[in-house]
S.K.: 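The structure is given below, and queries will be raised subsequently.
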Amino acid sequence: MIEDYAFGRMRIKGKDYTSDLLIFPDGTVRDHWWRASGHRLTLADLADLLAAQPTVIVCGTGASGMMRPEEGLAATLAAKGVTLQVHPTAKAATVFNRLVAEGRRPAACLHLTC
């Protein structure tokens with residue numbers, strides 16, 4: 001599903017995106033995703049993804065891994081039955097595609113720059 005990633009740009013299904021993204025389990029892509037606290041990822045930032053009831057959220061933290069989940073976020077999500085996988089965005093794209101190829105329906109939150 002994710003065809004290419006380079007700093008500040010991601011191609012999905014032939015379309016280029018240049019802002020942070022959410023990918024829903026049904027494959028819907030929403031760009032211009034903003035977090036309340038810049039490079040800090042909170043539970044509230046994931047509300048729209050959680051409403052879609054994913055079992056896995058792949059988090060791309062940027063090319064250099066600058067975006068960080070708040071302390072305890074993975075445990076909070078696990079209590080809701082959601083696994084959070086956190087990687088720099090290039091690896092997150094690979095992990096996301098692998099999960100899709102396995103027939104799973106992951107969600108993703110992807111920081112495209114730093």
S.K.: As a test of understanding, state which of F7, F96, Y5 forms a side chain to side chain contact (heavy atoms under 4.5 Å, CB included) with T89.
M.R.: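 Exactly one pass, corresponding to Y5.
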S.K.: Are V82 and L73 in one and the same hydrophobic cluster, where Ile, Leu, Val, Met, Phe, Trp and Tyr link if side-chain heavy atoms are under 4.5 Å apart?
M.R.: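 Shared cluster, yes.
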S.K.: Would a distance-only check, ignoring hydrogens and angles, find a side-chain to backbone donor-acceptor pair under 3.5 Å from E70 to R40?
M.R.: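 It does not hold such a pair.
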S.K.: Treating D20 as the side-chain partner and H32 as the backbone partner, does any N or O pair qualify as donor plus acceptor under 3.5 Å?
M.R.: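 Between the backbone of H32 and the side chain of D20 there is no qualifying donor-acceptor contact (under 3.5 Å).
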S.K.: Specify the closest pair of heavy atoms between A63 and P88, including all atoms of both residues, with the distance to one decimal.
M.R.: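 Smallest interatomic distance, heavy atoms only, reads O-CB, 4.4 Å.
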S.K.: How many angstroms lie between CG in L46 and CG in L41, if you round to the nearest 0.5 Å?
M.R.: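 Nearest 0.5 Å value for the CG-CG distance: 4.5 Å.
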S.K.: Decide whether L22 and M1 are clustered together by the hydrophobic rule: side chain heavy atoms of Ile, Leu, Val, Met, Phe, Trp, Tyr closer than 4.5 Å, transitively.
M.R.: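 No, separate clusters.
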S.K.: Do other residues, nucleotides or ligands put more than 12 heavy atoms under 6.0 Å from E102 CD?
M.R.: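 Count over threshold, so yes.
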S.K.: Please report the closest heavy-atom contact between C109 and I57, naming both atoms and the distance.
M.R.: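 Shortest heavy-atom separation between C109 and I57 comes out as SG-CG2, 4.2 Å.
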S.K.: Only counting residues at least two apart or in another chain, list the ones meeting salt bridge (Lys or Arg N to Asp or Glu O under 4.0 Å) with R104.
M.R.: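 Per chain and number, R104 pairs via salt bridge (Lys or Arg N to Asp or Glu O under 4.0 Å) with no residue.
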S.K.: I'd like to know whether L99 forms a side chain to side chain contact (heavy atoms under 4.5 Å, CB included) with V56, so could you lay out the CA-CA distance, the side-chain angles of the two residues, the decisive distance to 0.1 Å, and finally the verdict.
M.R.: CA-CA 9 Å; L99 291 170; V56 177; 3.8 Å; yes
S.K.: Give the intermediate values and the outcome of side chain to side chain contact (heavy atoms under 4.5 Å, CB included) for residues L110 and I23.
M.R.: CA-CA 8 Å; L110 302 162; I23 304 176; 3.8 Å; yes
S.K.: Please check if the side chain of T76 supplies one atom and the backbone of G72 the other of a donor-acceptor pair under 3.5 Å.
M.R.: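 Checked: pair present.
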S.K.: Measuring from atom NZ of K91 to atom CZ of R98, what distance do you get when rounded to the nearest 0.5 angstrom?
M.R.: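 With rounding to 0.5 Å, NZ (K91) is 8.5 Å from CZ (R98).
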S.K.: Less than 4.5 Å apart, side chain to side chain, heavy atoms only: is that true for M10 and I12?
M.R.: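 M10 reaches I12 side chain to side chain.
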S.K.: Are the side chain of Y17 and the backbone of R30 linked by a donor-acceptor contact shorter than 3.5 Å?
M.R.: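 No, Y17 side chain to R30 backbone: no donor-acceptor pair under 3.5 Å.
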S.K.: Going by salt bridge (Lys or Arg N to Asp or Glu O under 4.0 Å), name the residues that satisfy it together with D26, two or more places apart in sequence or in a different chain.
M.R.: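 Residues passing salt bridge (Lys or Arg N to Asp or Glu O under 4.0 Å) with D26: none at all.
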S.K.: How long is the straight-line distance from NE2 of H39 back to OG of S64, given to the nearest 0.5 Å?
M.R.: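 It comes to 9.5 Å.
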S.K.: Could you check if a side-chain atom of M66 sits within less than 4.5 angstrom of a side-chain atom of T113, using non-hydrogen atoms only?
M.R.: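 No. Closest side-chain heavy atoms not under 4.5 Å.
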S.K.: Report the distance from atom CG of L77 to atom CG of L43, rounding to the nearest 0.5 Å.
M.R.: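 The CG atom of L43 is 6.0 Å from CG of L77, to the nearest 0.5 Å.
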S.K.: Ignoring hydrogens, what is the shortest heavy-atom contact between W33 and L21? Give both atom names and the distance.
M.R.: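 Between these two residues, the closest heavy atoms are CE3-O, 3.7 Å.
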S.K.: When rounded to the nearest 0.5 angstrom, what is the spacing between CE in M67 and CG in D45?
M.R.: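 The distance works out to 8.5 Å.
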S.K.: List in chain and number order the residues that pass salt bridge (Lys or Arg N to Asp or Glu O under 4.0 Å) with R105, two or more places apart in sequence or in another chain; answer none if no residue qualifies.
M.R.: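 Here no residue qualifies.
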S.K.: With the 4.5 Å side-chain cut-off for hydrophobic clustering, are V29 and V100 part of the same group?
M.R.: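 V29 clusters together with V100.
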S.K.: Could you report the tightest heavy-atom contact between A92 and V58, atom names first, then the distance?
M.R.: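 Between these two residues, the closest heavy atoms are O-CG1, 3.5 Å.
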S.K.: If you define the side chain from C-beta out and look only at heavy atoms, does anything of V95 sit under 4.5 Å from Q85?
M.R.: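 Yes - at least one pair of side-chain heavy atoms lies under 4.5 Å apart.
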S.K.: Please round to the nearest 0.5 Å and tell me the distance separating atom CG of L49 and atom SG of C59.
M.R.: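 Output value for this atom pair is 10.0 Å.
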